[in-house]
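Chain letters run A, B, ... following the sequence lines, proteins first, then strands; residues in each count from 1.
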Protein chains: 2
Amino acid sequence: MSAFAADLVILTIRKGELHVLLVVRGIEPFQNERALPGGFRRQGESIEDAAIRELGEETGMPDGLVALEQVGVYSASDRDPRGSVVSCAFLAIAPNLPIPVPAQGSDVKDAGWVPLSKLGGGEALAFDHDRILRDSVDQARDKLQYTTIATAFCDEEFTIGDLREVYEVVWGVPLDRANFHRKVRNATEFIVPTGRTRSSGGALGRPAELYRAAGKVSVLASPILRGSLVARR
Amino acid sequence: MSAFAADLVILTIRKGELHVLLVVRGIEPFQNERALPGGFRRQGESIEDAAIRELGEETGMPDGLVALEQVGVYSASDRDPRGSVVSCAFLAIAPNLPIPVPAQGSDVKDAGWVPLSKLGGGEALAFDHDRILRDSVDQARDKLQYTTIATAFCDEEFTIGDLREVYEVVWGVPLDRANFHRKVRNATEFIVPTGRTRSSGGALGRPAELYRAAGKVSVLASPILRGSLVARR
DNA sequence: TCAAAAGTGTTTAGGATACACCCATGC
DNA sequence: GCATGGGTGTATCCTAAACACTTTTGA
């Protein structure tokens with residue numbers, strides 16, 4: 001039997017740490033084990049449609065909440081004990097996502113945000129999902145450098161501080177505040193000012209200017225180099 | 001009916017121009033029209049295995065001749081008139097490839113190298129292969145900037161002039177010879193000298209030092225910026 | 001000895017770096 | 001006022017850019 005599935009790596013930042021959305025499987029194989037959300041494609045569905053549908057069923061995330069990006073296809077013949085299952089992995093990075101709630105009658109028992117630091121090494125997930133998760137996070141780290149994908153981690157409107165937090169959390173290094181500000185401010189086709197500032201929010205200090213993404217995710221003419229913006233002290 | 005296929009975008013440089021490997025289909029749908037090589041996955045095969053097998057059958061390229069890289073999955077429900085066919089697209093870039101020869105009994109009538117310049121816009125290829133080709137070439141152009149993939153376009157041993165030709169042909173711009181030389185020579189984890197020089201080859205002038213790739217294709221710490229190396233005159 | 005291609009030197013300009021220093025707000 | 005985070009100024013350093021120059025071969 002040959003089947004086609006989608007698996008999703010949904011990343012978000014919570015309390016200054018990178019989290020991934022995981023489910024606990026309610027059925028065999030790998031019952032009661034943790035896995036990435038995902039499932040089988042149905043007739044007439046594109047694989048992207050299947051991914052969005054499964055995300056909604058298994059975690060309650062509404063359609064259109066996140067933009068999906070393909071990571072790759074996983075088709076090793078031994079990746080699923082049920083037989084030949086080809087899976088397409090998708091990556092999404094989004095801010096302030098709600099606590100997931102599996103739909104009644106779905107194949108999962110539970111769903112929740114798990115900090116990546118709590119998954120260190122080892123065989124933590126079902127199927128080849130450890131590998132898929134690692135590839136996806138690597139892709140996210142690389143893409144921060146040379147694309148404008150970081151804006152997808154933020155709200156519609158965001159401050160440069162919000163954007164910097166994305167880089168710091170995903171890269172795991174502190175960046176120089178002043179130089180980061182200038183770098184992204186001067187980059188073309190990255191962020192555009194809205195003219196508003198963030199008045200409320202409980203944050204201390206001077207209100208920050210608000211920006212929005214300049215357009216679709218694109219390749220940066222001048223990359224945000226990881227090595228060079230790291231703060232020394 | 002749902003089926004899973006692989007399509008291949010094989011690029012090479014011939015006479016200073018970027019060429020793609022195309023076939024003429026021998027069966028319906030799109031009989032007698034040009035398409036990318038590719039075909040259906042068989043039981044127990046990974047999708048990569050299927051891609052390599054089809055490449056051999058349809059164009060006579062031996063196994064292991066090229067390293068394949070995933071481009072993406074194409075699964076729109078109307079992309080194939082036969083019904084629901086999910087295709088995974090692969091990209092390979094390689095030097096000095098032979099003239100293709102379709103195997104007897106394969107589904108293609110002919111195979112050959114076609115310069116990209118002869119395909120300008122329009123609906124030149126079967127299925128959604130125009131789209132797949134465009135996405136693949138875009139990916140190759142971007143990856144030249146921030147990965148060491150250009151070495152995959154060259155032979156096992158190559159000169160810096162060979163490497164520069166890859167950039168110039170794929171990007172379609174002339175680069176400053178001297179600055180390109182220093183940039184790639186000083187980049188870490190890109191190229192390593194072999195100590196030999198290229199004596200023969202019919203080329204005029206001083207023999208060039210030979211290099212080989214430093215390792216697997218990786219992300220460059222300092223990207224080869226397209227805009228900045230372009231020669232002005 | 002001449003043309004052709006490889007490789008190196010050198011000046012200059014612009015951007016990155018590492019800070020120091022102001023600005024605006026809540027308490 | 002003062003702590004906190006946002007924003008700007010600036011001296012220094014480093015690399016990219018432009019192009020002249022030298023080296024090594026074949027004819």
Side-chain angles (χ1 to χ4, degrees), chain A residues 16 145-146 154-155 157-169 171 173-188 190-211 220-233, chain B residues 16 145-146 154 157-168 171 173-188 190-211 220-233:
Chain A
Q145 282 197 71
Y146 50 77
C154 301
D155 284 310
E157 291 197 329
F158 53 87
T159 68
I160 291 183
D162 295 339
L163 196 64
R164 182 164 46 84
E165 189 192 19
V166 171
Y167 281 86
E168 292 184 329
V169 168
W171 284 351
V173 292
L175 301 180
D176 185 280
R177 195 172 48 77
N179 293 331
F180 180 87
H181 187 283
R182 254 187 303 260
K183 179 77 184 180
V184 299
R185 189 72 224 283
N186 296 335
T188 55
F190 195 1
I191 59 174
V192 291
T194 63
R196 282 185 293 283
T197 56
R198 185 154 66 192
S199 44
S200 68
L204 295 188
R206 171 176 169 177
E209 313 238 349
L210 283 166
Y211 296 82
L220 281 165
S222 173
I224 313 294
L225 289 179
R226 185 171 170 176
S228 56
L229 282 170
V230 174
R232 289 298 159 84
R233 46 167 190 172
Chain B
Q145 283 196 70
Y146 50 78
C154 300
E157 292 198 328
F158 53 87
T159 69
I160 291 184
D162 295 340
L163 196 64
R164 180 164 48 83
E165 190 191 20
V166 171
Y167 281 87
E168 292 184 330
W171 285 351
V173 292
L175 301 180
D176 185 279
R177 193 174 48 78
N179 292 332
F180 181 86
H181 188 282
R182 252 187 305 259
K183 178 78 184 182
V184 300
R185 190 75 195 4
N186 296 333
T188 55
F190 195 2
I191 61 175
V192 290
T194 63
R196 282 185 291 283
T197 56
R198 185 154 66 192
S199 44
S200 67
L204 294 188
R206 171 176 171 177
E209 312 240 349
L210 284 167
Y211 296 83
L220 282 165
S222 172
I224 312 293
L225 289 179
R226 185 171 173 176
S228 57
L229 282 170
V230 174
R232 290 296 157 84
R233 41 162 197 179

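Note: CG (A/Asp176) to P (C/dA20) measures 11 Å, nearest angstrom. The separation between B/Leu220 atom CG and D/dT15 atom P is 16 Å, rounded to whole Å. Taking atom CZ of B/Arg164 as the reference point, atom C1' of C/dA6 lies 9 Å away to the nearest angstrom. One atom, OH of B/Tyr211, and another, P of C/dA6, lie 11 Å apart when rounded to the nearest Å. Here the P atom of nucleotide C/dA6 and the CD1 atom of B/Ile191 are 13 Å apart, to the nearest Å. If you measure from atom CG of A/Leu163 to atom P of D/dG7, you get 12 Å, rounded to the nearest angstrom. Atoms CG (A/Asn186) and C1' (D/dG9) sit 14 Å apart, rounded to a whole Å. Between the C1' atom of C/dC2 and the CG atom of B/Leu204 lies a distance of 12 Å, rounded to the nearest Å.
Mapping A/Ile160 and B/Ser222 onto DNA chain D by nearest heavy atom places A/Ile160 at the nucleotide closer to the 5' end.
Residues B/Ile224 and B/Phe190 form a side-chain contact, since some pair of their non-hydrogen atoms from C-beta on lies under 4.5 Å apart. Taking 4.5 Å as the limit, every side-chain heavy atom of A/Val166 sits out of range of all side-chain heavy atoms of A/Phe158. Between A/Pro193 and A/Arg185 the shortest side-chain heavy-atom distance falls below 4.5 Å. Using a 4.5 Å heavy-atom cutoff, the side chains of B/Leu210 and B/Thr197 are not in contact.
Residue A/Ile160 holds its CD1 atom at 13.5 Å from NZ of A/Lys183, rounded to the nearest 0.5 Å. A/His181 contributes atom NE2, which lies 12.0 Å from atom CG of A/Asp176 (distance to the nearest 0.5 angstrom). B/Ile191 contributes atom CD1, which lies 12.5 Å from atom CD of B/Glu157 (distance to the nearest 0.5 angstrom).
Ring-plane geometry between A/Phe180 and A/Tyr167 is classed as perpendicular, the angle between the planes exceeding 60 degrees on a 0 to 90 degree scale with a lower cut at 30.
DNA chain D forms stems at C:1-27 with D:1-27, each a run of 3 or more consecutive Watson-Crick or G-U wobble pairs whose two key distances fall under 3.5 Å.
Picking from D/dG7, C/dA6, D/dA16 the nucleotide with the shortest atom distance to the side chain of B/Ala208 gives C/dA6. Checking C/dA18, D/dT4, D/dG7 against every side-chain atom of A/Glu209, the shortest atom distance belongs to D/dG7.
No salt bridge links A/Asp155 with A/Arg198; every basic N to acidic carboxylate O contact stays at or beyond 4.0 Å.
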Mind listing the N/O atom pairs, protein and nucleotides 8-10 of chain C, below 3.5 Å?
from	atom 1	to	atom 2	distance (Å)
C/dG9	N7	B/Arg182	NH1	3.2
C/dG9	O6	B/Arg182	NH2	2.9

